[in-house]
Amino acid sequence: MKNAQKYARGYYMPPVKCMKWAEKEYIDHAPAWCSVDLRDGNQALIIPMSLEEKLEFFTKLVEIGFKEIEIGFPAASETEYEFCRTLIEKNMIPDDVTIQVLTQSREHIIKKTFEAIDGAKNAVVHLYNSTSVAQREQVFKKSKEEIIKIATTGAELCNEYKKNAKGNIVFEYSPESFTGTEPEFARDICNAVIDIWQPTADNKVIINLPVTVEMSLPHVYAQQVEYMCETLHNRENLIISLHPHNDRGTGIADTELGLLAGADRVEGTCFGNGERTGNVDIVTLALNMYTHGVEPNLDFTDLPSLIELYERVTRMRVYERQPYAGALVYAAFSGSHQDAIAKGMNWREEKKLEQWTCPYLPIDPHDVGREYEGDVIRINSQSGKGGIGYILQQQYGYDLPKKMREDFGYKVKDVSDKAHKELMPSEVHQIFKQEYLNKNDIVDVVEAHYVQKPDNVIGAAVTAVINGEKKQCSADGNGRLDAVANALKTYIPLEFTVEEYTEHALERKSNAEACTYVGISHNGRMYWGVGRNSDIIVSSIKALVSAINNAMK
């Protein structure tokens with residue numbers, strides 16, 4: 001990169017220091033949200049949405065809780081106009097939802113826009129013209145006074161057409177390319193429009209400050225917003241709105257700092273679709289607030305259904321690492337991450353915590369319609385014993401002893417490494433069954449009878465099948481398991497001691513079964529077996545036999 005000197009900073013700082021926003025810790029209430037998916041988002045698609053797709057998306061946005069939805073630029077095309085008319089004529093707009101339409105400051109476009117919204121109960125007419133230095137000099141070749149005249153002429157025309165309009169009409173003005181506009185000029189042109197519209201407490205005006213192109217660090221935009229909030233006329237009757245794009249990848253930060261700086265409203269799209277690098281992502285913004293304990297007033301509890309609709313009608317894809325929404329954002333493959341998450345989940349359950357706190361998970365996946373199983377712990381060759389054990393416990397009810405988790409972890413990772421793929425929970429379960437559960441390929445106990453003897457000694461008479469031959473054997477022990485182990489030792493060429501024994505009920509079925517884990521030591525190495533049966537004694541013998549079979553291999 002040898003040409004950095006060709007780039008100059010194209011933004012402008014306010015003439016005075018505007019840093020009150022920096023004293024605030026977090027955003028303590030949700031802004032008014034306006035979805036621009038159907039206008040700004042739609043115009044950025046390779047294949048724009050059809051009428052039917054836009055209608056379906058509109059219905060979903062209403063379901064999520066958007067009270068303001070920019071539906072299009074009705075004067076731009078017949079499809080845009082028809083969409084607006086369909087919503088109104090088919091009575092698809094709830095009484096508490098306001099549609100928003102965009103218009104340039106040209107009379108025939110304003111006229112067409114008012115015709116499009118005829119009959120709407122609540123509508124925002126969004127007037128804009130470009131104000132940046134680059135646009136003034138290169139595109140319009142007009143002076144500041146001429147640019148202001150474009151805005152004020154449009155504002156006056158809006159007043160005239162509103163006189164004969166039905167319904168509640170709110171005006172919005174955007175100095176497009178605000179971030180490349182001198183703050184003093186942005187203030188002057190907005191004030192000129194405000195003075196024409198004369199907002200009141202009952203008829204407020206929206207002043208939108210778009211990051212049409214990101215040009216600065218987010219703190220610069222915050223100062224620009226704060227400057228406007230403090231210098232605009234009639235501030236108490238204004239709604240200051242933000243419309244950030246994401247050219248520098250900081251659209252979220254721009255918006256959050258802009259809200260701290262005094263803004264009241266945000267325009268954006270779901271998942272950040274929009275021109276170039278996109279609009280600000282309202283899903284991320286809203287859920288960022290949610291994780292700070294602030295109600296965002298938007299319902300993303302079924303995020304998967306929104307993703308499905310979005311990908312289908314836009315032909316776009318939600319990136320796997322997209323905050324909150326991506327397929328992998330709750331997934332932990334790393335062993336240390338999996339272990340921490342598993343322990344965190346168990347901690348929450350043990351302590352019966354109401355407030356969310358879990359390592360590596362800033363939000364409870366359940367809150368956005370995601371599942372722990374299959375979403376949070378993902379298994380591959382990088383996974384650890386904690387995560388692998390957690391999968392078995394959560395999905396299949398097996399609570400492996402700590403030492404056995406390590407043994408099983410190596411087996412699972414070996415399979416994943418050789419196959420060079422992620423393993424699904426069902427595959428992990430299958431490996432577990434193949435390696436440990438009720439194994440009887442070399443040795444099997446088909447029958448056992450027990451006798452209580454003096455001094456708490458148990459005698460066991462065992463019928464076993466060893467390498468296909470039936471054997472009768474008996475021995476004493478300090479318990480049933482020990483007695484059976486001693487009996488088997490009389491016929492099998494294996495010296496071992498029982499080192500580990502745990503059991504629990506499997507409650508995944510209405511007729512709960514017992515599950516037993518046995519670890520035996522042979523030549524300094526541990527071998528594990530698992531037994532499962534409705535009878536706890538039978539379950540423990542099956543676990544012992546499974547461990548013996550693993551050792552004899």
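Positions are given from 1, in the same order as the sequence printed here. Hydrogens, waters and symmetry mates are skipped; everything else that's a heavy atom, side chains included, is used.
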Drop me the distance from [X]'s [atom1] to [Y]'s [atom2], to the nearest 0.5 angstrom.
X	Y	atom1	atom2	result
Leu298	Ile282	CG	CD1	7.0 Å
Ser105	Glu156	OG	CD	9.5 Å
Lys121	Ile99	NZ	CD1	12.0 Å
Gln223	Met19	CD	CE	5.5 Å
Cys270	Tyr310	SG	OH	8.5 Å
Phe178	Tyr221	CZ	OH	6.5 Å

State, with a plain yes or no, whether a side-chain heavy atom of [X] is found less than 4.5 Å away from one of [Y].
X	Y	result
Phe185	Val133	no
Tyr324	Val329	no
Lys67	Asn297	no
Arg106	Leu157	no

Output a table of donor-acceptor pairs, distance under 3.5 Å, between side-chain atoms of residues 252-263 and any protein atom two or more places apart or on a different chain; print 'none' if there are none.
from, atom 1, to, atom 2, distance (Å)
Thr255, OG1, Gly251, O, 2.8
Glu256, OE2, Asn288, ND2, 3.0

Crowded around [X] [atom1]? As in, over 12 foreign heavy atoms under 6.0 Å?
X	atom1	result
Tyr290	OH	no
Lys20	NZ	no
Lys24	NZ	yes
Glu236	CD	yes
Glu349	CD	no
Glu354	CD	no
Trp347	CH2	no
Lys162	NZ	yes

Work out which heavy atom in [X] is nearest to a heavy atom in [Y]; give both atom names and the distance.
X	Y	result
Gly326	Arg370	O-NH1, 3.1 Å
Val97	Ile93	O-CG2, 3.5 Å
Pro304	Gly369	CG-O, 3.5 Å
Leu61	Asp37	CD2-OD2, 4.0 Å
Thr113	Ala75	OG1-CB, 4.4 Å
Gln395	Pro425	NE2-CG, 3.4 Å

Listing request: all side chain to side chain donor-acceptor pair (under 3.5 Å) pairs with a residue in residues 174-186, at least two apart in sequence or in separate chains.
His126-Ser174, Ser130-Glu176, Ser130-Ser177, Thr131-Thr181, Arg136-Glu182, Ser174-Asn208
I'd like to know if [X] and [Y] make a salt bridge, using a cut-off of under 4.0 Å between side-chain N and carboxylate O.
X	Y	answer
Arg276	Glu214	no
Lys111	Glu107	no
Glu80	Lys54	yes
Arg39	Glu267	no

Do [X] side-chain atoms and [Y] backbone N/O form a donor-acceptor pair below 3.5 Å?
X	Y	answer
Gln135	Ser132	no
Gln224	Tyr12	yes
Glu295	Ala30	no
Arg85	Asp118	yes
Thr277	Asn246	yes
Asp40	Gly274	no
Arg315	Met49	no
Asn129	Ile147	yes
Asn279	Thr269	no
Arg265	Pro31	no

Please state whether the rings of Trp21 and His219 are parallel, tilted or perpendicular, taking 30° and 60° as the class boundaries.
tilted
Check the pair Trp356 / Asp367 against side chain to side chain contact (heavy atoms under 4.5 Å, CB included), numbers first and verdict last.
CA-CA 11 Å; Trp356 179 256; Asp367 286 354; over 6 Å; no
Suppose we screen for ring pair (Phe, Tyr, Trp, His ring centres under 6.0 Å). Which residues come up paired with Tyr26, at least two apart in sequence or across chains?
none
Return yes if a side-chain donor-acceptor contact under 3.5 Å exists between Asp202 and Thr200, otherwise no.
no
One pair to check against side chain to side chain contact (heavy atoms under 4.5 Å, CB included): Trp197 and Leu127. What are the steps and the verdict?
CA-CA 12 Å; Trp197 282 342; Leu127 175 73; 3.9 Å; yes
Applying side-chain hydrogen bond (donor to acceptor under 3.5 Å, both in side chains) to Asn346 and Gln393, what does each step give before you reach the verdict?
CA-CA 11 Å; Asn346 290 332; Gln393 183 177 10; 4.5 Å; no
Show your reasoning for whether side chain to side chain contact (heavy atoms under 4.5 Å, CB included) applies to Leu55 and Leu87.
CA-CA 8 Å; Leu55 291 171; Leu87 289 173; 3.7 Å; yes
Can you check side chain to side chain contact (heavy atoms under 4.5 Å, CB included) on Val170 and Asn168, steps first, answer last?
CA-CA 7 Å; Val170 172; Asn168 177 38; 4.3 Å; yes
